[in-house]
Amino acid sequence: MTETIVRDPKAYKSDLKPIWCPGCGDFGVLAATFRAFSELGLDPDKTVIVSGIGCSGRFPGFVTSYGYHSVHGRALPTAMGVKMANPDLEVIAVGGDGDGFAIGGGHFPHAARRNIDITYVVMNNEIYGLTKGQVSPTSQHDQKSPSSPFGNTESPLNTMATAIAADASFVARGASFRAKELTELILAGINNKGFSFIDAYSPCTSFNNTTQIWKDGVRYLDESHDPSDRAAAFARALDDPMTLGVYYKHERPTMVDQFEALKKAAKPSTADELLDGYALGLTAA
Amino acid sequence: MTETIVRDPKAYKSDLKPIWCPGCGDFGVLAATFRAFSELGLDPDKTVIVSGIGCSGRFPGFVTSYGYHSVHGRALPTAMGVKMANPDLEVIAVGGDGDGFAIGGGHFPHAARRNIDITYVVMNNEIYGLTKGQVSPTSQHDQKSPSSPFGNTESPLNTMATAIAADASFVARGASFRAKELTELILAGINNKGFSFIDAYSPCTSFNNTTQIWKDGVRYLDESHDPSDRAAAFARALDDPMTLGVYYKHERPTMVDQFEALKKAAKPSTADELLDGYALGLTAA
Amino acid sequence: MALPDITLQLAGESGEGVISGGDIFTSGAGRAGYWALTFRTYPAEIKGGPCMFQVRIGANRIKSIGNHTDLLVCFNQEGFDLQHETVGPEGIIIADAESCKVTDEFADRSFEVPFSQIAEEAGGSRRGKNMVVVGTVCGLLDIDTTALEQLILARYAHKGDVGEANIASLRAGGDNARQNLPSVLNVDKPGPAERERILLSGNQAIVAGSLHAGLSYYAGYPITPASDILESLAARLPRHGGVAIQTEDEIAALASVLGAGYTGAKAMTATSGPGLSLMSELIGLAGTAEIPAVIVDSMRAGPSTGMPTKTEQSDLNQAVYGSHGEAPRVVIAPTTVDDCLTCAVEAFNAAETYQVPVILLSDQSLSHRLETVERPDLSEIEVEDRLTLADVASGNGASPNGDGNSAYPRYKLTESGISPMPIPGTPGSYVSTGIEHDEQGHPSYTGEIHQAMQDKRWKKLDALAAGSRVTVTGAEKAQVGILGWGSTEGAAIEAAELLAAEGVTAATFYPRVLCPLPVDRIKKWAEGMDVIVVPEVNYTGQFARMVRSDCEVPVVQLNQISGRPFTAKQIADFITENVKTAAGAAA
Amino acid sequence: MALPDITLQLAGESGEGVISGGDIFTSGAGRAGYWALTFRTYPAEIKGGPCMFQVRIGANRIKSIGNHTDLLVCFNQEGFDLQHETVGPEGIIIADAESCKVTDEFADRSFEVPFSQIAEEAGGSRRGKNMVVVGTVCGLLDIDTTALEQLILARYAHKGDVGEANIASLRAGGDNARQNLPSVLNVDKPGPAERERILLSGNQAIVAGSLHAGLSYYAGYPITPASDILESLAARLPRHGGVAIQTEDEIAALASVLGAGYTGAKAMTATSGPGLSLMSELIGLAGTAEIPAVIVDSMRAGPSTGMPTKTEQSDLNQAVYGSHGEAPRVVIAPTTVDDCLTCAVEAFNAAETYQVPVILLSDQSLSHRLETVERPDLSEIEVEDRLTLADVASGNGASPNGDGNSAYPRYKLTESGISPMPIPGTPGSYVSTGIEHDEQGHPSYTGEIHQAMQDKRWKKLDALAAGSRVTVTGAEKAQVGILGWGSTEGAAIEAAELLAAEGVTAATFYPRVLCPLPVDRIKKWAEGMDVIVVPEVNYTGQFARMVRSDCEVPVVQLNQISGRPFTAKQIADFITENVKTAAGAAA
Ligand SMILES: Cc1ncc(C[n+]2csc(CCOP(=O)(O)OP(=O)(O)O)c2C)c(N)n1
Ligand SMILES: Cc1ncc(C[n+]2csc(CCOP(=O)(O)OP(=O)(O)O)c2C)c(N)n1
Ligand code: SF4
Ligand code: SF4
Ligand SMILES: [Mg+2]
Ligand SMILES: [Mg+2]
């Protein structure tokens with residue numbers, strides 16, 4: 001963890017007032033992000049926050065940094081483009097559980113497999129906030145909602161297990177109301193070279209108010225847990241989902257590293273060099 | 001396993017000659033399917049095979065049964081529609097590794113979460129056959145291909161681990177050249193009530209000829225493996241990927257069962273009953 | 001003098017009960033015999049932010065949102081600031097005495113009422129503010145509140161004495177109005193109802209229509225303003241063994257709808273623009289594999305995420321031309337709430353009859369407006385089913401697949417282009433496919449087969465183009481023809497009435513089926529018009545361009561993208577100001 | 001008599017070396033100074049199935065595939081069966097003596113050659129069959145094979161003595177032809193080349209153009225006929241720090257291209273119809289958030305999966321109208337292989353200058369045909385870059401974000417609609433978004449802002465519509481005007497020449513930018529034409545409809561969907577047969 005504190009957390013707060021409901025967990029995630037940015041001394045001009053659509057998708061607007069508010073579900077491939085086109089940028093992707101695991105769920109394993117060096121923070125409220133309370137892939141079985149009036153027939157997706165199965169480089173769970181620890185997780189995620197995934201419990205006070213249940217229920221991974229042990233991490237993920245902490249870590253060359261290594265192998269690449277290859281060499285005829 | 005053998009395997013062979021290359025593994029998967037159908041005595045008029053696009057996607061055309069050749073990546077949601085609209089049908093989804101885990105990968109965890117009672121057979125050749133040999137999500141790291149001329153920069157997706165993380169009801173790996181065992185896996189998958197996933201190694205002799213490597217390398221899960229232990233299944237999935245057998249089983253109410261249970265709770269549902277609810281009751285005025 | 005109808009606006013902050021007050025007033029007015037039509041704006045935020053509820057009521061059927069506000073009730077200062085410009089020259093303002101000051105220009109036609117204070121005194125809580133507002137309005141307009149009170153009691157039956165308190169607030173508001181406010185506003189009393197009336201929204205009507213048509217499979221992904229279709233069906237469809245599934249995205253929704261349609265089920269999905277875009281590829285599959293499906297698109301303001309809570313008619317191009325290659329589809333646009341029900345049934349009928357995907361184009365204003373309509377007689381709305389192989393099978397027991405293991409010729413080239421469809425579970429197995437194919441569904445890439453199959457797929461729609469429903473008002477010869485689609489019809493008809501009052505003859509023409517367009521009938525009608533105006537709530541004039549290209553008829557575009565529906569006056573004014581002078585001028 | 005050019009077809013089974021033989025012949029003919037243009041059909045299967053290679057060579061530039069086959073070489077019976085109908089009235093057939101019998105009608109103009117036997121004798125293996133074929137053709141046409149032999153040696157340098165054996169087969173084929181076949185066919189000898197010539201495909205030209213324009217980020221998902229763009233760039237882009245990524249689908253591809261474009265990179269993706277459909281939603285985002293991007297669509301026959309290896313021009317509607325709402329974009333269609341290079345650069349220029357997504361519409365026939373062109377002088381093809389905030393920043397050190405933490409007004413309403421774009425990594429932070437927004441990118445849902453922003457986004461393209469490139473042949477006044485787009489241009493120009501020979505004056509007009517259409521120039525040109533014909537390889541006449549609606553000019557459609565490009569004769573015949581008599585008749 002770096003100690004270079006060059007900016008006040010408030011320096012990252014934008015002029016735009018968050019539109020979130022009173023008590024929404026996203027406020028806590030935003031605050032933890034400010035603190036993590038501050039501790040890392042991130043330069044707002046060199047930082048990009050990418051999001052999809054949802055209440056949580058409005059996040060970039062509230063941060064002083066570059067931002068990219070994409071369409072629903074496309075935060076991860078967008079972030080890949082940003083990072084791979086300009087590896088000097090610090091890239092954070094954020095979004096909701098629906099954005100990330102329903103419509104955008106197809107992108108997740110590939111971001112992990114590629115090991116794109118970005119940090120992905122999901123504000124998991126186990127509900128669709130912005131569209132007024134339908135169940136999401138992380139909603140509980142039997143949960144009632146406008147779209148599941150007699151109880152959810154689907155079982156929740158285990159995001160920790162999913163990320164470990166995809167071999168994400170850093171896999172952790174935090175909570176919006178555990179400010180200090182969430183700050184540390186975001187910080188560790190950013191510092192991790194590779195694809196870092198943080199599932200942050202972030203209650204939706206309007207449509208799925210789990211604030212109390214989660215506040216009462218969360219506990220931390222015990223000291224003995226070895227995050228380098230993938231099978232053990234998976235086993236822990238199957239335990240009590242309300243367990244917070246770093247489940248899994250697997251550092252390895254990032255996507256940027258790997259493309260860097262291709263430079264020498266690649267073929268001549270100017271347009272002229274290419275056309276040379278198609279020349280008819282008429283002098284020989 | 002049912003013993004009702006009412007049809008010859010050949011009865012399921014359609015008039016259309018497979019267009020696959022000589023030695024293509026898909027022939028073996030097709031043959032195993034015929035045998036499994038035959039052992040189950042499936043009625044071709046009550047069986048639907050759904051596929052996406054790829055060499056493997058042409059599969060339904062070679063079977064005498066109903067078939068549905070969808071667009072690339074959409075076999076699973078299509079199969080859900082078929083099954084949920086008509087639960088009496090036996091529904092099998094088939095396709096390639098690219099179809100199922102690249103473009104269609106976003107549907108997989110949800111098919112598993114919902115526990116749609118279908119069997120999904122992926123003909124995994126670790127390559128894009130139909131488009132002539134580009135890497136797929138299951139291709140090996142460093143593998144050379146037209147789209148990865150200096151070696152694949154991405155790490156392969158572990159399909160067994162992915163399916164176990166998604167809590168698929170039945171998770172197994174087979175191989176096209178292990179005819180008897182593959183037949184049994186398909187049979188067990190169909191017999192399993194719930195979402196059954198079978199990853200069948202199926203070499204592409206034209207663009208990624210792994211025939212010999214796989215023939216030499218495959219082995220079977222040992223007897224001691226307990227498929228009801230999810231964490232253990234995951235640990236096995238991280239071991240040698242060339243291990244065949246049933247990794248994981250988790251029987252529970254299927255999607256059809258769950259909707260059946262909603263019947264009583266649901267509100268009056270004829271158009272007239274609905275309009276009654278909007279009536280102004282003018283007599284009261 | 002009593003007006004034939006009046007337009008009321010309630011404006012305030014989200015959370016003050018503006019919308020619920022408006023809803024309950026509308027229901028109450030409906031029960032008291034008035035016809036109503038509403039329009040509302042939501043804030044972008046989930047909680048807080050300005051919101052507005054507008055309702056126009058009258059003694060006769062209401063066709064549009066009203067040209068200006070006759071009575072604006074401001075819950076707070078922002079309500080006044082944002083909405084006072086809509087108030088007509090004779091319009092009245094009632095402002096919350098505690099929080100709102102009107103500007104000088106309204107000094108002589110505005111009144112202050114201490115809403116919260118009255119609520120507290122009468123019902124014991126300042127939260128009854130919106131009920132005081134409703135009571136005030138009823139008092140001012142002399143609307144009987146008996147029905148309204150019953151409604152309130154019923155609605156709060158399980159909430160202790162909230163109902164009683166609300167009624168007390170309502171009455172106190174009415175008493176205050178009758179005592180302290182001059183009776184400046186009067187609306188004609190409605191006569192007795194000839195047929196039963198109902199009050200519902202466009203989306204509710206679509207749900208009712210789909211159930212009437214025989215819907216049994218629904219899949220959709222939440223999106224404003226279509227989510228309530230999913231929600232309503234989730235509560236109902238399972239009753240008779242149907243299913244309503246919230247999928248992981250719109251692609252899965254339509255893929256599964258096509259899977260269900262393939263098995264013989266009547267299946268539907270509903271979405272808005274972004275979802276329709278994602279469905280592009282599968283719409284082409286449905287057209288090619290000839291699978292019936294209904295896709296509801298409740299349009300909102302685009303492009304991209306755009307303005308999700310605002311109305312617009314800007315997805316027509318995507319509906320008609322979206323998807324690569326050239327795949328047939330039907331596009332139907334309802335014009336009113338009851339028409340939503342009829343069009344939903346017609347959408348299923350077209351899907352079934354022609355074995356095509358049908359896109360039903362509603363919009364935010366139509367999907368979410370409450371409108372009083374005569375209760376449709378469902379027995380009069382015919383339901384059609386597809387031609388199945390079982391329908392045509394001779395019953396001689398011979399296998400439809402012929403001998404051996406050959407596939408049934410599901411894509412048989414017939415005169416009409418329509419081929420009998422085997423239903424899985426019954427004899428006649430074949431492979432449904434989006435690859436170009438011969439009659440048996442076998443992949444085939446010859447130019448001859450491609451031509452024959454495109455001919456087959458497209459010619460199916462000829463009958464529909466010739467016979468689709470159209471509504472026309474006005475004479476066969478007129479100075480101005482208003483040619484439009486969807487929810488603008490009411491405003492267009494009223495605009496024609498306004499023009500008539502100014503001595504301009506005007507006619508309207510609204511086809512329901514926009515693809516295939518009833519080209520011949522449009523051309524014929526156009527011959528009688530001196531000039532044709534096409535009003536659309538979009539930027540580029542999508543329908544106008546289609547008319548120009550398909551009918552080769554010159555038209556004048558009238559476009560606005562304010563996020564609100566047209567008023568009749570907007571259309572009439574445009575015509576008097578721009579069109580009479582130069583037929584080629586556009587706004 | 002020597003012909004100015006001849007059309008050769010090789011027809012046989014996939015796996016017999018038909019395509020590779022054709023390729024090598026084309027390269028050899030090219031090196032011998034002939035101009036060439038090829039067309040090929042692939043089987044649906046990966047291995048096996050009929051395939052055909054067609055090449056037209058001549059002493060001057062070749063513009064289209066040729067009206068009929070002058071020389072058909074049949075590798076087997078199926079080759080004859082499938083292709084003999086294309087043979088012209090004077091055309092010659094050479095059939096494999098072992099496996100192919102021609103029908104009587106060709107008795108007096110066909111010859112048998114025992115290809116495999118000659119190969120075995122000369123090169124020691126029957127697999128040299130295709131080289132014997134190439135040698136036979138060269139012998140018959142008296143084409144010098146020196147360059148060809150060098151080419152073969154180079155190509156098989158690492159394969160032991162395969163090269164030598166192939167050359168032996170080639171020579172044996174030639175010797176046999178000279179000895180045993182009558183010299184019935186002659187083609188004009190080419191003169192010396194004035195400028196260096198190259199032989200490449202449309203897709204290769206697009207790759208070259210994109211590199212010239214400064215491409216540094218490519219992402220794509222494999223799909224026929226666009227995959228080779230990904231493959232070529234994967235081998236090259238990393239050289240200077242660029243990346244080419246195979247994504248999990250087309251949505252991810254375009255999403256990442258927009259992410260890259262947002263950071264200032266020139267970024268591209270390439271796909272075919274199904275992928276373009278999937279990109280619909282994100283194309284709207286690019287238009288709304290104003291992010292430059294280039295999307296290559298190499299069209300294949302649709303709808304749906306359709307006929308993936310066949311050509312068609314049927315994605316124009318999707319390119320121009322795809323995506324919900326109304327989002328601006330540019331659509332550019334190259335007409336020849338060298339034009340692919342130029343248009344690729346123009347696509348990047350338009351994307352950068354106007355901050356919009358640009359769709360480059362190629363098609364299977366153009367993407368995969370080999371064509372001899374003069375080597376473009378890249379220094380003459382100007383490259384444009386976007387207006388960045390750094391370009392306009394005053395350099396006084398003041399923060400572009402103003403005081404405090406407010407966002408830079410990235411969507412500033414300017415005269416031209418183009419606003420300077422801050423590049424992440426430099427000052428000027430803001431949020432790029434597809435939600436309707438004010439100048440600072442903050443979400444805003446008022447009608448005024450929506451109108452202002454739509455005006456801004458759309459008016460950017462006015463300058464492009466006025467100044468885009470167009471190629472015209474023929475006089476300003478003509479009996480027939482051929483108005484088209486894309487790869488039909490060569491056939492159209494040749495059709496005009498054929499018509500001229502029959503005394504009909506004809507002109508051609510091919511705009512490169514189809515959206516926004518150069519309406520004024522089309523109208524002006526149209527005034528000089530008695531009748532206008534629009535040839536398109538599609539079913540509904542998509543471009544014809546656009547011309548009718550946007551230019552209000554009547555046109556006659558000429559459509560075919562055979563999976564093959566037009567021949568000049570097809571167009572000319574249609575015009576002589578249908579158009580002169582009745583201007584309104586269409587095919
Ligand atoms: C393609 C598309 N489909 C649907 C929507 C509607 N939509 C907006 S946000 C959202 C889901 C919100 O849930 P989540 O991602 O969990 O975010 P939250 O609001 O809970 O933070 C949906 C369905 C959309 N904007 N685009
Ligand atoms: C939307 C879309 N994108 C791309 C393609 C092209 N395509 C067809 S099959 C295929 C992948 C084939 O690989 P796989 O799924 O592994 O099947 P296989 O051929 O190996 O059996 C691709 C990319 C397509 N048909 N549709
Ligand atoms: S609806 Fe829920 S998630 Fe959205 S802002 Fe409100 S509390 Fe937060
Ligand atoms: S290309 Fe590969 S996967 Fe396709 S048919 Fe041939 S061997 Fe099988
Ligand atoms: Mg959520
Ligand atoms: Mg594969």
Side-chain angles (χ1 to χ4, degrees), chain B residues 11-16 19 44-50 53 58 60-61 64-74 76-86 88-89 106-107 109-110 114 255 259-260 262-263 265-272 274-275 277-282 284-285, chain C residues 30-33 144 146-147 150 193 196-200 204 207-209 211-212 216-217 219 235-241 243 245 247-249 251-252 255-260 262-265 267 281-282 285 375 378 404-407 424-427 429-435 442-443:
Chain B
Y12 297 98
K13 195 165 173 287
S14 85
D15 281 357
L16 198 63
I19 44 75
D45 287 337
K46 302 205 162 95
T47 304
V48 180
I49 306 187
V50 179
I53 301 290
R58 298 286 290 267
T64 289
S65 77
Y66 275 92
Y68 187 121
H69 188 193
S70 182
V71 295
H72 196 30
R74 314 304 168 196
L76 287 179
T78 306
M80 174 172 78
V82 173
K83 183 71 188 179
M84 295 308 293
N86 190 344
D88 293 338
L89 298 172
H107 306 301
H110 306 287
R114 291 182 186 125
M255 190 171 186
F259 270 92
E260 189 64 30
L262 299 187
K263 274 193 182 177
K267 288 196 198 165
S269 76
T270 68
D272 254 320
L274 195 67
L275 293 185
Y278 303 122
L280 293 175
L282 286 169
Chain C
R31 296 205 176 205
D144 182 86
T146 323
Q150 288 171 357
E196 188 187 356
R197 293 187 206 141
I198 58 178
L199 179 72
L200 76 175
Q204 289 162 341
V207 167
L211 292 173
H212 178 62
S216 69
Y217 184 94
R236 294 168 206 282
L237 270 186
R239 180 69 155 233
H240 298 300
V243 295
I245 299 166
T247 50
E248 58 273 26
D249 63 13
I251 296 177
S256 79
V257 160
L258 298 185
Y262 159 81
T263 73
E281 189 193 13
L282 283 162
L285 173 66
R375 182 173 176 148
L378 292 173
N405 297 336
S406 54
T426 67
S429 66
Y430 73 98
V431 177
S432 185
T433 180
I435 281 194
H442 295 331

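To find a chain, count down the sequence lines: A is the first, B the second, and so on, and within it residues start at 1.
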Nearest heavy-atom approach of C/Arg239 to B/Ser269 is CB-OG, 3.6 Å

So which part of B/His107 gets closer than 4.5 Å to some heavy atom of chain C, the side chain, the backbone, both or neither? both

Heavy-atom nearest pair, B/Leu280 first then C/Gly30, reads CD1-O, 3.8 Å

Sub-4.5 Å side-chain heavy-atom contact between C/Arg375 and B/Asp272: yes

Show the nearest heavy-atom pair for residues C/Glu196 and B/Ala279, with the distance to one decimal. OE2-CB, 3.2 Å

Flag side-chain contact, heavy atom, 4.5 Å: C/Leu285 against B/Arg74: no

So, does C/Tyr262 use its side chain to make a donor-acceptor pair with the main chain of B/Gly67 at under 3.5 Å? yes

Do C/Pro443 and B/His69 touch side chain to side chain, with heavy atoms closer than 4.5 Å? no

Shortest non-hydrogen pair, C/Asn405 vs B/Lys13, comes out as ND2-O, 2.6 Å

Can you find a pair of side-chain heavy atoms, one from C/Tyr217 and one from B/Val82, that are under 4.5 Å apart? no

Can you tell me which of B/Leu16, B/Leu76, B/Thr47, B/Asn86 forms the most heavy-atom pairs within a distance under 4.5 Å of chain C? B/Leu16

Write down the atom of C/Leu211, the atom of B/Ala271, and the distance for their closest heavy-atom approach. CB-N, 4.0 Å

C/Thr426 versus chain B, heavy atoms under 4.5 Å apart: side chain, backbone, both or neither? both

Taking side chain as everything from C-beta outward and backbone as N, CA, C, O, which of these in C/Ala235 sits under 4.5 Å from a heavy atom of chain B? Side chain, backbone, both or neither. both

Could you check which of C/Ile245, C/Val207, C/Thr247, C/Asp249 has the highest count of heavy-atom pairs closer than 4.5 Å to chain B? C/Ile245

Turns out that what part of C/Ala255 lies under 4.5 Å from chain B's heavy atoms comes down to both

Any side-chain heavy-atom pair of C/Thr263 and B/Tyr66 under 4.5 Å: no

Can you tell me which portion of B/Ala79 sits under 4.5 Å from chain C's heavy atoms? Options are side chain, backbone, both or neither. neither

How many angstroms lie between CG in B/Leu274 and CD in C/Gln204, if you round to the nearest 0.5 Å? 7.5 Å

Picking from B/Met84, B/Lys83, B/Arg114, which has the most non-hydrogen pairs under 4.5 angstrom with chain C? B/Arg114

Between C/Pro424, C/Ala219, C/Gly434, C/Ser216, which residue shows the highest count of heavy-atom pairs closer than 4.5 Å to chain B? C/Pro424

Which bit of B/Leu275 is near chain C, if near means a heavy-atom gap under 4.5 Å: side chain, backbone, both or neither? both

Where on B/Ser65 is there a heavy atom nearer than 4.5 Å to chain C: the side chain, the backbone, both, or neither? backbone

Of all the heavy-atom pairs spanning C/Pro238 and B/Leu262, show the shortest one and how long it is. CB-CB, 3.9 Å

Taking side chain as C-beta onward, heavy atoms only, is C/Val243 less than 4.5 Å from B/Met255? no

Counting heavy-atom pairs under 4.5 Å with chain B, the top scorer among C/His212, C/His240, C/Glu248 is C/Glu248

Select one option (side chain, backbone, both, neither) describing which atoms of C/Leu378 are under 4.5 Å from chain B's heavy atoms. side chain

Could you check if a side-chain atom of C/Leu282 sits within less than 4.5 angstrom of a side-chain atom of B/Val71, using non-hydrogen atoms only? yes

